[in-house]
Amino acid sequence: MSKDMKQVIEIAKKHNLILKEETMQFNESGLDFQVVFALDYSGVDWVLRLPRREDVMPRTRVEKQALDLVNQYVKYFQAPNWIIYTDELIAYKKLDGVPAGTIDHNIGNYVWEIDINNVPPSFHMSLGRVLAELHSIPSDKATEFGLIVQTPEEARKSMKQRMNDVKTKFGVGEKLWNRWQSWVNDDEMWPKKTGLIHGDVHAGHTMIDKEANVTGLIDWTEAKVTDISNDFVFNYKAFGEEGLEALIIAYQEAGGYYWPKMKEHIIELVAAYPVSIAEFAIISGAEEYVQMAKKALEIDNV
């Protein structure tokens, strides 16, 4: 259920947050949360998330733990700091900058704040530094904070299992299946370390300043310790091999973990993306996703 302006003001007031009514902006696009942007009387910009249903809040616990951990460690970038966290309200001070891109559902693509045909080097450089810092947060701390922690062996085994499950459920085109198998069975491809990942790095979650430096990351629902390559996928999909190489170099220079087949591994991880599509189709049961999954899995109209 959506709350109206008066209700939002009342809920915020209950949490000692006094909002300026004329500054309130509502975003109703989220299925789980109603989002409101507003200034308080000292001029601070706030983001308020109001749950639409009771089942929503328990699922935010992992994100809260991840943010508490990240905020304890990082210096180079911002993550939301949930100052208010109760059953009826999550609120944090708005991060600096703007998203690098925003999805426009009418065109089915991003409206970008940067020139994607000529990406400023500062974007890759700063994102590399951000990821290097994030991935170096100690895994034992992530365990303490109750996050999922996978060893390199577990991350690889999990990928094999997911592929097998999808093959059992849908089938997979022979050529694609062979490609996946040669990847998951190639020791040189796989990292020997895991790290804390954001898990959903894309333009809409990446905050940048006017010089295209990455200043923060939002939406941490997928955070866990696993294969760090997951955080490089979007750069490859958005900016191609050149963009991926630029990010890997920046990451390595910032002290990020690197191995010789890192680039190849990320490219193969992207080739395994149909696994995620199929998993979503299984969960949702929606016919359009089932068709999408079959197409991505290269099944010839079975």
Q. Quick one: are R59 and D32 in side-chain contact, heavy atoms under 4.5 Å?
A. yes

Q) Distance under 6.0 Å and angle within 45° of the ring axis: does K294 meet both against F170? A) no

Q) Is Q7 reaching over with its side chain to a backbone N or O of D4, donor-acceptor style, under 3.5 angstrom? A) yes

Q. If only atom types and distance count, is the side chain of N185 paired as donor or acceptor with the main-chain N or O of Q181 below 3.5 Å?
A. yes

Q: Would you give the length of the straight line joining atom OH of Y73 to atom CG of N71, rounded to the nearest 0.5 angstrom?
A: 13.0 Å

Q | CZ-NZ distance between F232 and K237, expressed to the nearest 0.5 angstrom | A | 15.5 Å

Q. If we only count heavy atoms from C-beta on, is the S139 to L196 side-chain gap below 4.5 Å?
A. no

Q) Looking only at heavy atoms, which two atoms of G195 and I228 are closest? And how far apart? A) N-CG2, 3.6 Å

Q: Quick one: do F77 and L134 satisfy side-chain contact (heavy atoms from CB on, under 4.5 Å)? Show the steps, please.
A: CA-CA 9 Å; F77 69 95; L134 171 61; 4.2 Å; yes

Q.
For the NZ atom on K261, are there more than 12 heavy atoms of other groups (residues, nucleotides or ligands in this structure) within a distance under 6.0 Å?
A. yes

Q.
Check whether D115 reaches the backbone of N117 with its side chain - one donor and one acceptor, N or O, closer than 3.5 Å.
A. yes

Q) Are any of the side-chain heavy atoms of L89 and R49 separated by less than 4.5 Å? A) no

Q | Whether over 12 other heavy atoms sit under 6.0 Å from E287 CD | A | yes

Q) Taking the side chain as C-beta and beyond, is there a heavy-atom pair between Q150 and V225 under 4.5 Å? A) no

Q: Compute whether any side-chain donor of one residue and acceptor of the other, for Y85 and T60, lie under 3.5 angstrom apart.
A: yes

Q.
Nearest 0.5 angstrom please: M207 CE to L95 CG, how far?
A. 5.5 Å

**Q.** Pairwise side-chain contact, F33 with M57, heavy-atom cut-off 4.5 Å (strictly under)
**A.** yes

Q. Among T206, T215, V214, which residue meets the side-chain contact (heavy atoms from CB on, under 4.5 Å) test with V130?
A. V214

Q. Do NZ/NE/NH1/NH2 and the carboxylate oxygens of K6 and E21 come within less than 4.0 Å?
A. no

Q. Should E241 and K263 count as an ion pair when the cut-off is N to O under 4.0 Å?
A. yes

Result block: side-chain N/O donor-acceptor pairs under 3.5 angstrom for residues 247-259, not counting sequence neighbours:
| residue | atom | partner | partner atom | Å |
| --- | --- | --- | --- | --- |
| Y251 | OH | H135 | ND1 | 2.8 |
| Y257 | OH | K192 | N | 2.8 |
| W259 | NE1 | M189 | O | 2.7 |

Q: Taking all heavy atoms of E88 and all of P51, pick out the closest pair and write down the distance.
A: O-CD, 3.4 Å

Q: May I ask you to decide if D96's main-chain N or O and Q78's side chain share a donor-acceptor pair within less than 3.5 Å?
A: yes

(Q) Would the distance check show the side chain of H198 and the main-chain N or O of A223 forming a donor-acceptor pair, the cut-off being under 3.5 Å? (A) no

Q: Compare every heavy atom of V201 with every heavy atom of D231, then report the nearest pair and how far apart it is.
A: OD1-CG2, 3.6 Å

Q: Please examine the side chains of L244 and F239, heavy atoms only from C-beta on, and report whether any two atoms are closer than 4.5 Å.
A: no

Q) Hey, is the main chain of L50 close enough, under 3.5 Å, to the side chain of Q34 for a donor-acceptor pair? A) no

Q: Determine whether F123 and I114 make a side-chain contact, defined as any pair of heavy atoms from C-beta on separated by less than 4.5 Å.
A: yes

Q) Taking the six-membered ring where the residue is Trp, are the ring centres of W220 and Y92 under 6.0 Å apart? A) no

Q) So does K157 pair up with E154, basic N to acidic O under 4.0 Å? A) no

Q. Can any side-chain N or O of R156 pair as donor or acceptor with the backbone N or O of V184 at less than 3.5 Å?
A. yes

(Q) For K160, I'd like to know if atom NZ has over 12 heavy atoms of other residues, nucleotides or ligands within 6.0 Å. (A) yes

Q | Qualifying residues under ring pair (Phe, Tyr, Trp, His ring centres under 6.0 Å), relative to W180, sequence neighbours excluded | A | none

Q. Okay, side chain of E298, backbone of E174: is any donor-acceptor separation there less than 3.5 Å?
A. no

Q) Any idea how W183 and H265 line up, ring-wise: parallel (<30°), tilted (30 to 60°), or perpendicular (>60°)? A) tilted

Q. Atom CG of L67 and atom CG of D219: how far apart are they, to the nearest 0.5 Å?
A. 9.5 Å

Q: Decide if atom NZ of K64 counts as having more than 12 heavy atoms of other residues, nucleotides or ligands within a radius under 6.0 Å.
A: yes

Q) Once you round to the nearest 0.5 Å, how far does CD1 of I148 lie from CD1 of I197? A) 10.0 Å

Q) Which atoms form the tightest heavy-atom contact between S122 and E211, and what is the distance? A) OG-O, 2.6 Å

Q. Is it true that R179 and E268 make a salt bridge, defined as a side-chain N closer than 4.0 Å to a carboxylate O?
A. yes

(Q) Taking I11's backbone N and O only, do any of them form a donor-acceptor pair with H15's side chain (distance below 3.5 Å, no angle check)? (A) yes

Q: Please report the shortest heavy-atom distance between I266 and S229, naming the atom on each side.
A: CG1-CB, 3.7 Å

Q: State the CD1-OH distance between I282 and Y289, to the nearest 0.5 angstrom.
A: 14.5 Å

(Q) Assess the residue pair M159 and L269 against the criterion (side-chain contact (heavy atoms from CB on, under 4.5 Å)); give the C-alpha distance rounded to whole Å, side-chain angles, the decisive distance to 0.1 Å, and a yes or no. (A) CA-CA 10 Å; M159 181 54 86; L269 178 61; 3.7 Å; yes

Q. What are the two closest non-hydrogen atoms of I277 and A296, and how far apart are they?
A. CD1-CB, 4.0 Å

Q. Hey, is the main chain of G243 close enough, under 3.5 Å, to the side chain of N235 for a donor-acceptor pair?
A. yes

Q: Kindly confirm or rule out a cation-pi arrangement of K167 over W177, judged by NZ or CZ under 6.0 Å from the six-membered ring centre and within 45° of its axis?
A: yes

Q: Check whether any side-chain heavy atom of V119 lies under 4.5 Å from a side-chain heavy atom of H124, and answer yes or no.
A: yes

Q) Per the side-chain contact (heavy atoms from CB on, under 4.5 Å) rule, which among Q161, K169, R162 passes with D165? A) Q161

Q: Indicate the ring-plane relationship of Y110 and H202, choosing parallel, tilted or perpendicular according to the 30° and 60° boundaries.
A: tilted

